A.B. asks: 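Mind looking over this structure? Questions follow.
Proteins get letters first, then strands, A, B, ... in listed order; numbering begins at 1 in each. When reading the values below, keep in mind they use all heavy atoms of this one structure, side chains included, and skip hydrogens, waters and symmetry mates. Bear in mind the structure is a predicted one, so any value in this text is a computation, not a measurement.
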There are 2 protein chains.
Amino acid sequence: MGASKSDFFTQQQNQTAEIFKALGHPARIAIIEHILSMNSCICGDLVDVLPLSQATVSQHLRELKNANIIQGTIEGKGVCYCINEETIKQIKSILEIYIESSEKKNTGCC
Amino acid sequence: MGASKSDFFTQQQNQTAEIFKALGHPARIAIIEHILSMNSCICGDLVDVLPLSQATVSQHLRELKNANIIQGTIEGKGVCYCINEETIKQIKSILEIYIESSEKKNTGCC
DNA sequence: TTGTTATATTGCAATATTACGATAAAGAAA
DNA sequence: TTTCTTTATCGTAATATTGCAATATAACAA
């Protein structure tokens with residue numbers, strides 16, 4: 001079919017997957033890294049930095065916003081972006097649980 | 001178009017995005033969590049646990065393997081799966097860098 | 001050998017994503 | 001007002017992903 005069967009998974013699993021999915025594109029990683037590399041919140045010079053059209057950059061920004069990874073506040077005629085630390089911390093802690101859980105298993109089968 | 005312009009991004013960015021992408025599906029999150037919930041490496045009872053056909057589960061497993069998130073070793077007529085801790089740690093540390101970098105910025109613009 | 005079980009692969013249809021040109025919307029500057 | 005600048009959205013084409021039935025492969029059992 002093509003549509004993923006989200007209904008069969010837990011809300012947690014769906015939400016976790018959605019954040020990871022939003023991070024799963026090199027352009028969006030580049031956007032995040034560029035926002036972080038600025039010493040202040042960035043006000044939309046992303047189009048100059050990325051090899052993508054303005055429309056495409058805007059679309060990637062929307063996806064990051066939808067996943068709560070970045071926030072944008074209107075500032076005059078531009079928009080000011082910054083990272084939503086909470087979301088990053090949230091998935092970091094999920095990974096920590098995975099690592100912990102994996103370390104508890106002392107079967108050397110793989 | 002539709003293909004992502006990987007050539008324009010760094011190898012690091014592409015690799016990071018690929019791991020996140022592999023984690024970006026609820027079925028694959030469920031697979032990881034099920035593998036971790038077992039006290040030993042799991043030997044392929046995933047099809048019974050997931051609401052997906054054997055073919056689909058196998059495909060998801062391949063994607064997790066390609067991204068180095070899980071490992072599978074043949075054991076008799078079955079396959080034994082476990083998590084590749086290193087890869088999880090690798091992306092955890094990327095997120096840590098993001099968080100650190102974000103915390104250094106004390107502009108309260110967002 | 002044949003049969004059974006476990007996993008992988010192939011082929012295909014349905015759906016989603018990616019990218020961009022064109023256009024819209026909204027504030028700033030003239 | 002008009003024009004410019006900045007960002008968002010629409011429409012569309014190219015490509016990728018998801019899911020499954022059918023089939024293949026591989027190891028064991030009889």
A.B. asks: Going by atom types only, do B:T16 and B:Q12 share a side-chain donor-acceptor pair under 3.5 Å?
C.D. replies: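 Result is yes, a qualifying pair exists.
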A.B. asks: Under 4.0 Å, counting only non-hydrogen atoms across every strand here, what does B:L52 touch: a base, just sugar-phosphate, or nothing?
C.D. replies: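 Here B:L52 touches the backbone only, sparing every base.
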A.B. asks: Does the side chain of A:Y98 come under 3.5 Å of the side chain of B:E85 through a donor N or O and an acceptor N or O?
C.D. replies: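 Not at all, the side chains of A:Y98 and B:E85 share no donor-acceptor pair under 3.5 Å.
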A.B. asks: Can you hop from A:V47 to A:I74 via hydrophobic side chains spaced under 4.5 Å?
C.D. replies: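 They do share one cluster, since a chain of ILVMFWY contacts under 4.5 Å joins A:V47 to A:I74.
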A.B. asks: Tell me: CD1 of B:I42 to P of C:dA6, nearest whole Å?
C.D. replies: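 Distance check: B:I42 CD1 to C:dA6 P gives 13 Å.
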A.B. asks: Over how many whole Å does the gap from B:L61 atom CG to C:dT7 atom C1' extend?
C.D. replies: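 My rounded result for the distance is 9 Å.
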A.B. asks: So, is A:S53 close to the C:dC20 phosphate, meaning a side-chain N or O under 4.0 Å from OP1 or OP2?
C.D. replies: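 A:S53 to C:dC20 OP1/OP2: side-chain N or O found under 4.0 Å.
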A.B. asks: Rounded to whole Å, how long is the line connecting atom CD of B:E63 with atom P of D:dT17?
C.D. replies: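 Answer to the nearest Å: 7 Å.
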A.B. asks: D:dG19 P sits how many Å from B:L50 CG, rounded?
C.D. replies: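 So the CG-P distance, B:L50 to D:dG19, works out to 10 Å.
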A.B. asks: Phosphate oxygens OP1/OP2 of C:dC20: is one of them under 4.0 Å from a side-chain N or O of A:T56?
C.D. replies: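 Looking at the OP1 and OP2 atoms of C:dC20, one of them is under 4.0 Å from a side-chain N or O of A:T56.
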A.B. asks: Look at the rings of B:F9 and A:H25 and say which category their plane angle falls in: under 30° parallel, 30 to 60° tilted, over 60° perpendicular.
C.D. replies: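 Taking A:H25 first and then B:F9, their aromatic rings stand perpendicular (interplane angle over 60°).
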A.B. asks: Would you say C:dT17 has OP1 or OP2 under 4.0 Å from some side-chain N or O of A:H60?
C.D. replies: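 For C:dT17, neither OP1 nor OP2 has a side-chain N or O of A:H60 closer than 4.0 Å.
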A.B. asks: Rounded to whole angstroms, how far apart are CD on A:E75 and C1' on C:dA28?
C.D. replies: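 One finds 14 Å between C1' of C:dA28 and CD of A:E75, rounded.
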A.B. asks: Answer yes or no: is there a donor N or O on one side and an acceptor on the other, between the side chain of A:R28 and the main chain of A:H60, under 3.5 Å?
C.D. replies: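 It does not hold such a pair.
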A.B. asks: Starting from the 5' end of DNA chain C, give me the residue, B:K21 or B:K65, whose nearest nucleotide shows up first.
C.D. replies: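 Its nucleotide being nearer the 5' end, the pick is B:K65.
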A.B. asks: Identify whether any heavy atom of B:Q59 sits under 4.0 Å from a base atom; if not, whether one sits that close to sugar-phosphate; answer base, sugar-phosphate or nothing.
C.D. replies: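 It contacts base atoms.
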A.B. asks: In whole Å, I'd like the distance from the CD1 atom of B:I29 to the C1' atom of D:dT18.
C.D. replies: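 From B:I29 CD1 to D:dT18 C1': 16 Å.
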A.B. asks: By nearest nucleotide on DNA chain C, pick out whichever of A:K77 and A:A55 is the more 5' one.
C.D. replies: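 With A:K77 and A:A55 compared, the 5'-side residue is A:A55.
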A.B. asks: Nearest whole Å is fine: how far is D:dT5 C1' from A:D48 CG?
C.D. replies: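 Distance, rounded to whole Å: 12 Å.
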A.B. asks: Roughly, in whole Å, what's the span from CZ in B:R62 to P in D:dT18?
C.D. replies: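 Value for this atom pair: 12 Å.
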A.B. asks: Looking at C:dA6, does its base get a donor-acceptor pair with the side chain of B:Q54 below 3.5 Å?
C.D. replies: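 Answer no: no donor N or O sits under 3.5 Å from an acceptor.
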A.B. asks: Report yes if at least one side-chain N or O of B:H25 is closer than 4.0 Å to OP1 or OP2 of D:dG19; otherwise report no.
C.D. replies: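 For D:dG19, OP1 or OP2 has a side-chain N or O of B:H25 closer than 4.0 Å.
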